[in-house]
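Below, chain A is the first sequence line, B the second, and so on; all start at residue 1.
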Amino acid sequence: MIVATYNVNGVNGRLPVLLKWLAEAKPDIVCLQELKSPDERFPVDAIRGGGYRAIWRGQKSWNGVAILSKSGSIVETRRQLPGDPEDGQSRYLEAEIGGVIVGCLYLPNGNPWPGPKFDYKLQWFNRLGAHAKQLLGTGKDVVLAGDYNVMPTDLDVYKPERWANDALFRVEVREAYAKLLAQGWTDALRKLHPKERIYTFWDYFRNAYTRNAGLRIDHLLLSPSLAPRLEAAGVDRHARGWDKSSDHAPTWIILDDAKPPTKAVKKRAAKKIATPARKKKTKRGAV
DNA sequence: ATGCCTATTATTAATAGA
């Protein structure tokens, strides 16, 4: 099963690029961010035509998130992050698809630092942390995928010193991300590629893409129950080079398909005998 | 420190993004 996240930077303006990528990559589940469209202008017909069901929460001009599914039905579980009823920004959407809870998020950019936008970012991060903890407590399979607007380490930035005081790289924000991971989440791309330079975003300015002046800010976090199923992870960076592309590239993981426990497994569990370790699979992913 | 580019919204300029 392929789960992907893609900040499309305008779902209507980028619709041909999105449909092209869906047809090529054939992801099972997709989290979209930055729809930049009110609900009534979400291109649901075109997306259905591409073979996907969808739920979305749009907003005029900015923000907006959607979850797409190729086969499994989508049962919406949340349309906003708990913790602030006054927050009207469309940045979180959550659904259950095939037994997996999928949280699609668009964390605030937070620039400029310091200032109210940065404060809002940290508050939003705190609310995400509280909700993430609650999700872990359920013991369910959960993936939190989206544009986190944070480069977790120096390895995730083409020029760390230039970004030191940017809201995407300020120490408070990196600490918030690390604190979230410490709850027990697995950063899927980093897990499989611990030392590789991986970017998911390249600025439109100064030919950033051709110079590979990028940032890794789009992340897929896996609950402990889901992490053992992680098989591959990567970025479809070639899509960033397409005409009229978003400034982000689609970022994806492959999860082993969940299999119901066999009779032998159930028998061992009943007798409290350890299940033999899973056979290690060859990694198929490329970045 | 700022512009570089690209989108949306509203009228050719402002705002936001990262």
Side-chain angles (χ1 to χ4, degrees), chain A residues 5-21 31-43 46 56-66 87-92 104-122 124-125 128 145-174 176-177 197-219 235 237 239-251:
Chain A
T5 181
Y6 190 12
N7 179 322
V8 285
N9 188 12
V11 72
N12 286 304
R14 313 294 186 188
L15 189 56
V17 167
L18 173 61
L19 294 174
K20 180 180 175 180
W21 173 72
C31 293
L32 298 179
Q33 302 86 31
E34 277 208 85
L35 304 179
K36 292 186 171 180
S37 161
D39 277 341
E40 62 273 19
R41 281 173 52 199
F42 183 80
W56 61 95
R57 183 183 161 188
Q59 184 181 331
K60 188 180 165 187
S61 305
W62 299 299
N63 308 323
V65 281
D87 185 0
Q89 300 192 27
S90 298
R91 296 184 175 276
Y92 190 80
C104 172
L105 63 104
Y106 177 44
L107 213 132
N109 175 302
N111 274 308
W113 172 86
K117 290 189 174 183
F118 188 75
D119 297 341
Y120 173 65
K121 179 176 196 168
L122 289 184
W124 207 93
F125 226 136
L128 177 64
D147 178 356
Y148 283 72
N149 267 318
V150 52
M151 297 83 90
T153 71
D154 282 1
L155 187 57
D156 305 308
V157 202
Y158 68 97
K159 197 193 266 190
E161 64 280 9
R162 183 216 173 285
W163 290 84
N165 280 333
D166 189 280
L168 278 69
F169 202 51
R170 279 287 306 176
V171 62
E172 301 94 322
V173 177
R174 277 183 279 157
Y177 186 80
R197 207 160 263 287
I198 305 169
Y199 300 138
T200 66
F201 166 92
W202 295 263
D203 215 308
Y204 289 123
F205 302 165
R206 297 168 303 238
N207 298 313
Y209 179 63
T210 46
R211 293 187 298 118
N212 197 27
L215 312 172
R216 189 175 76 96
I217 55 178
D218 300 275
H219 309 300
V235 179
R237 52 172 298 148
R240 175 62 181 81
W242 290 347
D243 192 36
K244 301 284 283 179
S245 160
S246 166
D247 38 9
H248 295 249
T251 305

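- Tested against A:N111, the residues A:N149, A:N165, A:D166 include a single side chain to side chain donor-acceptor pair (under 3.5 Å) partner, A:D166.
- The same atom, P, is picked in B:dA13 and in B:dA1; the two are 28 Å apart, to the nearest Å.
- Taking atom C1' in both B:dA7 and B:dT12, the straight-line distance is 15 Å, to the nearest Å.
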For this session: Go through A:E34 and A:N7 one step at a time and tell me if the side chain to side chain donor-acceptor pair (under 3.5 Å) criterion holds.
Result: CA-CA 6 Å; A:E34 277 208 85; A:N7 179 322; 3.1 Å; yes
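- No side-chain donor from either of A:H248 and A:N9 sits under 3.5 Å from a side-chain acceptor of the other.
- The nucleotide B:dA10 finds no pairing partner, because no Watson-Crick or G-U wobble arrangement with both distances shorter than 3.5 Å includes it.
- B:dT8 and B:dG3: their P atoms are spaced 23 Å apart (whole Å).
- Across B:dT11 and B:dT15, the matching P atoms stand 13 Å from one another, rounded to whole Å.
- For the pair A:K244 NZ and B:dC5 C1', the computed distance is 12 Å after rounding to whole Å.
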Seminar exercise, completed: With sugar-phosphate taken as primed atoms, P, OP1 and OP2 and all else as base, the protein-contact string of nucleotides 8-18 of chain B at under 4.0 Å (heavy atoms; B, S, -) is SSS-----SBB
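- As rounded to the nearest Å, B:dA14 and B:dA18 have P atoms that lie 22 Å from one another.
- Computed from coordinates, the A:R240 CZ to B:dC5 P distance equals 13 Å when rounded to whole Å.
- Residue A:K121 is out of contact with every strand shown, counting any heavy-atom pair closer than 4.0 Å.
- When rounded to the nearest whole Å, the span between CZ of A:R14 and C1' of B:dT6 equals 6 Å.
- A:D147 CG to A:R91 CZ: the interatomic distance, rounded to the nearest 0.5 Å, is 9.0 Å.
- Taking the six-membered ring for Trp and the full ring otherwise, the centers of A:F169 and A:W163 sit at least 6.0 Å from each other.
- Side-chain contact, A:Y199 with A:R197: a donor N or O sits under 3.5 Å from an acceptor N or O.
- By the 30° and 60° cut-offs, the orientation of the rings of A:Y148 relative to A:H219 is tilted.
- Distance check on atom C1': B:dA16 versus B:dA10 gives 15 Å, rounded to whole Å.
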